[in-house]
Amino acid sequence: MTIKKTRRSISRIAAAAAAAVMALTAIPAIPASAAIDLKNLPVPIAEDKGSSAAKKFSKTVPELYSVKHESGYWGYGYNVLSWKPVSGALYYKVYRKEEGGANKCIANVFDTEYYDDCDIYYDREYKIKAVTFTYSDEKILTKFSNVVEAKAAKNSERHYYDYVGSDSSADAGVSVDASIEGDEETFDDDYDYEPAYAPAEAMPPEPNGPSAVYISANTEEYSKSEESGYKKASLSPLSTFSADVDTASYANLRRLINDGDRIPTDAVRIEEMLNYFDYDYQKPEGNSRFSVSTELSDCPWNDKAQLLAVGIQGMDLEKTPDSNLVFLIDTSGSMYSSDKLELACKSIRMLSKTLTENDRVSIVTYSGEERVVIAGAKGNQVNTVNALTTILEADGVTNGESGIQAAYAIAEKYYIEGGNNRIILCTDGDLNVGITDEDELKKLVEEKRRSGVYLSVMGFGTGNIKDNKMETLADNGNGSYHYIDSVNEAKKIFNEERNSTLYTIAKDVKIQVEFNPKNVEGYRLIGYDNRRLANEDFTNDAKDAGEVGAGGSVTALYEIIPAAGKTASGLKYQQTTPQAAVSDELLTVKVRYKNPDNGKTYQTAKTVVKSDYAKEMSNRMKLACAVTEFGLVLKDSDYKGTASINSALRFAKSVKDPDVYEKELAELIEKYLKNNKTSD
């Protein structure tokens, strides 16, 4: 997607910098818009081209009003086109007559207005066509509109540096190259491809006004979390936490390392680094939705401790339910870069190829206000989704609240009973208008999740991402949070791990480990710092916790200090029976979850005994050690002990038959080592 300037006054050229300035400027709040009109949504017009509605649309002649000319800088200006809306149109194609008489498509736009950059000394002739799609994914165009001509300026002599004042204060949009790198498809091949926006600093300053300035300061935000230290098993025998299948931290750290950037310690969430990888756990058997795997060995960075790995593996689905997906896309000015809006749209197009005619797809965008681009299209309308996402532009402030409200309204309208009803939010998290506070965002999505609609978040971009807000939205919207830094990561999330990303098999998944004080002196859960739960929450089915997708898994590591001594009173390991007193049990892992299909609660458990200890680590344990040791160093953890980058690299390289992501881990550690010239 190549974005080009088409209808902006000079003051608009600074859009790319506006997002950075926004954080420093007081912006009046724009209230979330009123409830959207669910009766007049942009939808495909008919089942096929042979329908009467389709034939009527194709015979329509749009009405183009007269063109208004607005002068600008250096002998250039804007021809402002506006036209009457066409019933059923999803977007419009703008044509300009070129030398030789050919009508050249210069833009595809959603609005009924377009600003064309022009040399004020030449006549211009314009036409438009309206475009819609059928449910059969066929594109229909109207006839050409009437012709409107823009006359050249009266001055025949060009003064290159002359400034002719503009009476325009209207905002406008951008058009985009429809070709997609790596895809065979090309959309709207009559579209005119032109270079991307020139950098703001290369444009002339606005007379008597502020100059456009890029701000390169890093404004990324991460939630602060305090690491949990060692707990004494005799005093705190229970460790309870919410399952977490987010993977954003690892992909984001990869981006930071590849870019040679400083690693913020709060960006390092070791549980998300662990859960990025597949540990090939045993699949669940029978009617259980989870299996529980454990492994006990020595802790590489603490010679006084043993290391316990706990893995829960979710079941796969033989048949996936129909999906009602709403793509909620941030199109604010802060999304203006190839690794943000462009990559988000490529990711959506990638996922749309996997859907069927039984699925439903809607697209909602938001910046200063929300826009419903299309509602209730069939899942197999790939051409429709491709075309519409190709036109999207990045512009304006970020009223995420209005977008979220609209997305939930659309999701509820097309709700599929027993299906997968999900909003997929694509954003950098920079919400600066409406609700922006994390606590208020939490309240908003907590209220909305009661509808049965899940909210998953896909993070994009660099320099301005608000990781804290994206994590808050996903965690409280019953979804997962992933960071997409490349097309390959999009393939991983939306293709390779599609079922895990889209289909929830268990809600409110909680894990509780009960330690036997007779055999365990102390323990420490690594990571999950913002996922800890009160012990009584484990059996409180009203308490929200994490969701796990089909075929998904959760991995957690504990450092355990073995001990011999008296047992604590109460719970499973108490002195009321001789059997408990002489037990060689170290701990019991319990998993509790709700079946989203029937709402019932289930629980499964596994006990670990002393004899489970093995000095030789399995392949999966070596991988977990490599990831965790890397994370401890990146976080500069108070509990990193003797952890080092070289040790993490040795573990990563010791993994047998590594897959592409395990190979990448070793390469990433090596790159970090090289960047920081670390020597252990």
Out of curiosity, [X] [atom1] to [Y] [atom2], how far, rounded to the nearest 0.5 Å?
X	Y	atom1	atom2	result
E446	K443	CD	NZ	9.0 Å
D266	D467	CG	CG	9.5 Å
R498	S323	CZ	OG	6.5 Å
F460	D428	CZ	CG	10.5 Å
E226	N530	CD	CG	12.0 Å
L444	T472	CG	OG1	12.0 Å

Taking all non-hydrogen atoms of both residues into account, name the closest pair between [X] and [Y] and its distance.
X	Y	result
A643	W301	N-CB, 3.5 Å
L296	V609	CD2-O, 4.4 Å
I484	L343	O-CD2, 3.6 Å
K635	V268	NZ-O, 3.1 Å
L328	A407	CD2-CB, 3.9 Å
R532	G527	NH2-O, 2.7 Å

So do [Y] and [X] actually touch side chain to side chain, heavy atoms under 4.5 Å?
X	Y	value
T240	D537	no
E220	K466	no
N646	L673	yes
K518	S583	no
L586	I560	no
L441	K469	yes
S228	L525	no
L587	L308	yes

Does any N or O in the side chain of [X] come within less than 3.5 Å of the main-chain N or O of [Y], such that one atom is a donor and the other an acceptor?
X	Y	answer
K606	V589	no
S288	P284	no
E629	I645	no
N420	Y503	no
N495	L351	no
Q313	G551	yes
N619	K656	yes
Y481	V245	no

Using 30° and 60° as the class limits, which term best fits the ring planes of [X] and [Y]: parallel, tilted or perpendicular?
X	Y	answer
F277	Y279	perpendicular
Y523	F515	parallel
Y230	Y639	perpendicular

Stepwise side-chain contact (heavy atoms from CB on, under 4.5 Å) test for E496 and Y661: CA-CA 12 Å; E496 298 169 20; Y661 302 108; 2.6 Å; yes
Any ion pair linking [Y] and [X] (charged N to carboxylate O, less than 4.0 Å)?
X	Y	value
D244	R531	yes
E471	R269	yes
K232	E521	yes
D541	R592	yes

Derivation and outcome, side chain to side chain donor-acceptor pair (under 3.5 Å), residues S297 and Q306: CA-CA 6 Å; S297 191; Q306 292 179 336; over 6 Å; no
Only pairs at least two apart or in different chains count here, so list each salt bridge (Lys or Arg N to Asp or Glu O under 4.0 Å) that has a residue in [range].
range	result
residues 282-301	K283-D316, R289-D597, D298-K615
residues 482-495	R254-D485, R254-E489, K492-E497
residues 544-562	R449-D544, R524-E559

Working for salt bridge (charged side-chain N to carboxylate O under 4.0 Å, His left out), residues K653 and E662: CA-CA 9 Å; K653 288 187 172 182; E662 293 160 359; over 6 Å; no
Full working for side chain to side chain donor-acceptor pair (under 3.5 Å) between S249 and E272: CA-CA 6 Å; S249 181; E272 293 182 22; 4.7 Å; no
T219 vs N464, side chain to side chain donor-acceptor pair (under 3.5 Å): CA-CA, chis, key distance, verdict: CA-CA 5 Å; T219 60; N464 191 48; 2.6 Å; yes
Step-by-step side-chain contact (heavy atoms from CB on, under 4.5 Å) determination, F538 to L238: CA-CA 10 Å; F538 183 72; L238 294 176; over 6 Å; no
Enclosure of N287 CG (heavy-atom neighbours >12, cutoff 6.0 Å): no
Criterion side chain to side chain donor-acceptor pair (under 3.5 Å) on R255 and N252, from CA distance to verdict: CA-CA 5 Å; R255 184 261 304 181; N252 184 44; 2.5 Å; yes
Residues that Y222 engages under ring pair (Phe, Tyr, Trp, His ring centres under 6.0 Å), provided they are two or more places apart: none
Residues in side-chain hydrogen bond (donor to acceptor under 3.5 Å, both in side chains) contact with S553, at least two apart in sequence or another chain: none
Test item: side-chain donor near acceptor, T427 and D330, under 3.5 Å: yes
Verdict with reasoning, L455 to Y408, per side-chain contact (heavy atoms from CB on, under 4.5 Å): CA-CA 9 Å; L455 172 65; Y408 273 103; 3.5 Å; yes
Any residue meeting salt bridge (Lys or Arg N to Asp or Glu O under 4.0 Å) with K640, in chain and number order, not counting sequence neighbours: D636
Geometric cation-pi criterion R422 and Y454, 6.0 Å radius, 45° cone: yes
Step-by-step side-chain contact (heavy atoms from CB on, under 4.5 Å) determination, I312 to S291: CA-CA 6 Å; I312 66 170; S291 67; over 6 Å; no
